[in-house]
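Here the structure is laid out as structure tokens; the discussion comes afterwards.
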Amino acid sequence: MAQSDTVDRILDAAEVLFAERGFSETSLRMITSKASVNLAAVNYHFGSKNALIHAVFARFLTPFSQTLEQAFDDLERRCNGKPPTLDQTLRALTESAVCMPQRNDRGISIFMRLLGLAYTQSQGHLRKFLEQEYSHPFGRFMRLLKEATPQLTAVERYWRIQFMLGATAFTMSSSDALRDILQNKLGVETTVQEIVARLVPFLAAGMQATDPMQVAVSKPSVA
């Protein structure tokens with residue numbers, strides 16, 4: 001078995017099991033069994049379970065971050081020094097993700113499930129790894145979001161970004177199930193690209209909605 005094939009089999013098995021069971025609940029023995037390799041192979045290629053988790057994320061995020069940087073370069077060039085609109089910024093992000101080469105039909109949904117787990121499970125080493133390796137492209141995304149929403153306070157923008165990430169993670173990680181439900185209920189077939197096309201204006205509207213806290217403050221009290 002070639003070295004690259006061994007690595008790919010380990011990563012393929014790990015990402016599926018991590019997505020299904022979570023990081024803590026997935027043992028290296030489960031991964032080696034699914035990948036049909038021995039434990040020595042995992043230790044040789046990755047060294048530790050944490051390093052394997054990092055490699056699973058890097059396999060998607062490294063090429064994605066490069067594609068995203070190029071998309072932002074193209075977008076800012078087209079805008080001729082003017083801040084890109086929120087819709088343009090969100091489309092650059094989502095279209096970069098959708099156009100990434102996928103190893104299988106469930107590639108993006110599996111990754112979005114993993115990304116959700118990175119937020120909800122106690123994996124400090126993973127958050128540190130992501131911040132160290134991918135702070136530039138995602139910091140750039142946050143800067144563009146800020147420039148496109150100057151009307152929001154820092155606190156309100158923070159919460160809306162969390163809501164946006166939550167909606168995106170749920171929709172994309174559940175895209176296979178959502179497509180099946182649509183097919184069974186309404187007899188309509190859809191693609192991941194069509195889901196993204198519907199998702200972006202929804203996210204943009206949420207980010208640009210009236211700040212409810214400001215409305216509450218400005219609303220006159222009734223004696």
Side-chain angles (χ1 to χ4, degrees), residues 1-68 93-94 96-135 137-138 162 164-184 190-192 195-196 199:
M1 186 185 300
Q3 175 173 316
S4 59
D5 182 49
T6 302
V7 170
D8 283 340
R9 292 179 74 164
I10 294 171
L11 290 172
D12 288 343
E15 70 176 19
V16 170
L17 289 171
F18 287 147
E20 290 177 350
R21 297 172 174 267
F23 301 112
S24 299
E25 295 77 6
T26 301
S27 67
L28 289 180
R29 190 171 298 278
M30 292 176 184
I31 294 170
T32 57
S33 176
K34 186 175 182 64
S36 299
V37 301
N38 56 41
L39 186 58
V42 176
N43 291 330
Y44 174 76
H45 290 294
F46 301 100
S48 68
K49 182 179 177 180
N50 284 356
L52 175 57
I53 293 173
H54 299 172
V56 166
F57 276 79
R59 187 163 63 156
F60 181 90
L61 284 178
T62 296
F64 170 63
S65 63
Q66 294 169 350
T67 301
L68 183 60
L93 178 73
T94 54
S96 293
V98 170
C99 77
M100 291 296 299
Q102 302 295 320
R103 294 174 301 282
N104 56 67
D105 293 339
R106 299 178 60 226
I108 192 166
S109 64
I110 289 174
F111 179 76
M112 292 305 297
R113 196 169 304 152
L114 290 171
L115 198 59
L117 290 173
Y119 269 83
T120 58
Q121 294 195 350
S122 179
Q123 298 290 319
H125 68 92
L126 177 57
R127 287 191 290 274
K128 183 177 180 180
F129 168 77
L130 296 178
E131 289 170 0
Q132 289 177 339
E133 297 295 323
Y134 305 105
S135 61
F138 293 104
Q162 306 314 309
M164 179 176 67
L165 292 174
T168 302
F170 167 77
T171 302
M172 300 312 297
S173 66
S174 307
S175 59
D176 293 337
L178 294 173
R179 291 164 65 189
D180 288 342
I181 293 171
L182 183 64
Q183 173 67 35
N184 293 332
T190 191
T191 65
V192 172
I195 294 174
V196 169
L199 180 62

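Hydrogens, waters and symmetry mates are skipped; everything else that's a heavy atom, side chains included, is used.
Rounded to the nearest 0.5 Å, atoms CG (L182) and OG (S175) are 12.5 Å apart. For the atom pair CZ of F138 and CD of E131, the computed distance is 12.0 Å after rounding to the nearest 0.5 Å. Atom CZ of F64 and atom CZ of F57 lie 13.5 Å apart (nearest 0.5 Å). Taken from CD1 in I108 to CG in D176, the straight-line distance is 10.5 Å, to the nearest 0.5 Å. Separation of atoms CZ (F170) and CE (M112) is listed at 12.0 Å; rounding is to 0.5 Å. Note that the CG atom of L178 and the OG1 atom of T190 stand 10.0 Å from one another [nearest 0.5 Å].
Counting only heavy atoms from C-beta outward, the side chains of H125 and H54 approach each other to under 4.5 Å. Here the side chains of F18 and V56 are in contact, with some heavy-atom distance below 4.5 Å. Using a 4.5 Å cut-off on side-chain heavy atoms (C-beta onward), M172 and V192 make contact. Residues I195 and R179 are in side-chain contact: their nearest non-hydrogen atoms beyond the backbone lie under 4.5 Å apart. Looking at heavy atoms from C-beta onward, L126 lies in side-chain contact with F23 at the 4.5 angstrom threshold. Inter-residue side-chain proximity for F60 and I110 is flagged as unmet; no heavy-atom pair is nearer than 4.5 Å. Looking at E133 and L61, their side chains never come closer than 4.5 Å, going by heavy atoms from C-beta outward. Considering only heavy atoms from C-beta on, R59 comes within 4.5 Å of D12 through its side chain.
What you find for A41 and T6 is that their closest heavy atoms are CB-CG2, 4.3 Å. Between L199 and T171 the shortest heavy-atom distance is CD1-OG1, 4.2 Å. Here the shortest heavy-atom pairing between P63 and A58 reads CD-O, 3.8 Å. Between A19 and L114, the shortest heavy-atom contact is N-CD2, 3.5 Å. Between I31 and A14, the shortest heavy-atom contact is CD1-CB, 4.0 Å.
With hydrogens and angles ignored, the 3.5 Å screen pairs no side-chain donor or acceptor of T168 with any backbone N or O of L165. For S174 (side chain) and A177 (main-chain N/O), no donor-acceptor pair under 3.5 Å exists by modelled atom type. A donor-acceptor pair under 3.5 Å is formed between the side chain of T32 and the backbone N or O of R29.
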Practice item. Would you please test F46 and L11 for side-chain contact (heavy atoms from CB on, under 4.5 Å) and show each step? Key: CA-CA 10 Å; F46 301 100; L11 290 172; 3.9 Å; yes
Point to revise | E20 and T26: CA distance, side-chain angles, deciding distance, side-chain contact (heavy atoms from CB on, under 4.5 Å) verdict | key: CA-CA 9 Å; E20 290 177 350; T26 301; over 6 Å; no
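Ring planes of Y134 and F129: perpendicular class, angle over 60° (limits at 30 and 60°).
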